[in-house]
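Quick notes on the structure that follows.
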Amino acid sequence: MKNIFADISENLPDELMETVFQSSGFRLERIVSRGHCSPDGFWYDQDENEWVILLQGTAVLSFENQETLIFLNPGDYLHIDRHQRHRVEQTARNQDTVWLAVFYS
């Protein structure tokens with residue numbers, strides 16, 4: 001048995017993305033951010049659909065062609081359609097932000 005909050009390095013220079021489970025057409029990832037955000041001008045543009053839930057910390061997302069920012073707190077989740085361009089504007093600096101993301105075709 002494993003714990004979603006365990007085995008997070010004290011030194012986290014880059015966002016941690018780790019596949020927890022995978023099968024045909026489906027991938028479950030644990031993502032850990034510690035003040036990380038998308039680089040200037042970078043947009044995620046994925047070939048897969050994504051359903052993501054924030055388990056710990058806080059985050060702010062933006063979507064291309066939408067002025068409203070999405071503020072996420074623990075328990076908040078959302079669905080992101082494939083090729084819906086989005087970026088991470090901010091994550092908590094004083095604690096780990098732990099996400100669970102489901103990618104599927």
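Residues: numbered from 1 along the sequence shown.
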So, taking the atom named [atom1] in [X] and the one named [atom2] in [Y], what distance separates them when rounded to the nearest 0.5 Å?
| X | Y | atom1 | atom2 | value |
| --- | --- | --- | --- | --- |
| E18 | L28 | CD | CG | 10.5 Å |
| T97 | Q56 | OG1 | CD | 7.5 Å |
| D45 | H83 | CG | NE2 | 6.0 Å |

Which residues satisfy the side chain to side chain contact (heavy atoms under 4.5 Å, CB included) test with [X], sequence neighbours excluded?
| X | value |
| --- | --- |
| R82 | N49, S105 |
| N73 | T58, D76 |
| S24 | none |

task: Group every Ile, Leu, Val, Met, Phe, Trp and Tyr by side-chain heavy-atom contacts under 4.5 Å, then state whether I4 and F21 land in the same group.
output: yes
Apply side chain to side chain donor-acceptor pair (under 3.5 Å) to [X] and list each qualifying residue two or more places apart in sequence or on a separate chain.
| X | result |
| --- | --- |
| E64 | R85 |
| Y77 | none |
| Q95 | none |
| Q66 | none |

- request: Answer yes or no: does atom CG of N3 have more than 12 heavy-atom neighbours from other residues, nucleotides or ligands under 6.0 Å?
  value: yes
task: Could you name each residue pair satisfying salt bridge (charged side-chain N to carboxylate O under 4.0 Å, His left out) that touches residues 46-55, not counting sequence neighbours?
output: R27-E48
message: Quick check: closest heavy atoms across G57 and P74, and the distance to 0.1 Å?
response: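 Closest approach of G57 to P74: O-CD, 3.2 Å.
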Please write out which residues are connected to [X] in a hydrophobic cluster, directly or through intermediates, given that two of Ile, Leu, Val, Met, Phe, Trp, Tyr count as joined at side-chain heavy-atom separations below 4.5 angstrom.
| X | answer |
| --- | --- |
| L61 | M17, I31, F42, Y44, V52, L54, F63, I70, L72, L78, I80, V88, W99 |
| F71 | V60, L69 |
| M1 | none |

message: With no hydrogens and no angle check, just 3.5 Å: does a side-chain donor-acceptor pair link H79 and D81?
response: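 A donor-acceptor contact under 3.5 Å links the two side chains.
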field: Close side-chain approach of Q46 to Q84, heavy-atom, < 4.5 Å
entry: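 No, too far: nothing below the 4.5 Å cut-off.
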message: Taking S38's backbone N and O only, do any of them form a donor-acceptor pair with R87's side chain (distance below 3.5 Å, no angle check)?
response: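 Flag set: sc R87 to bb S38 pair under 3.5 Å.
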Could you list the donor-acceptor pairs under 3.5 angstrom formed by side chains in residues 5-16, with sequence neighbours left out?
| from | atom 1 | to | atom 2 | distance (Å) |
| --- | --- | --- | --- | --- |
| S9 | OG | N11 | N | 3.1 |
| S9 | OG | N11 | O | 2.9 |
| E15 | OE2 | S33 | OG | 2.4 |

message: Does W43 form a side chain to side chain contact (heavy atoms under 4.5 Å, CB included) with S62? I'd like the steps, not just the answer.
response: CA-CA 9 Å; W43 293 91; S62 64; 4.1 Å; yes
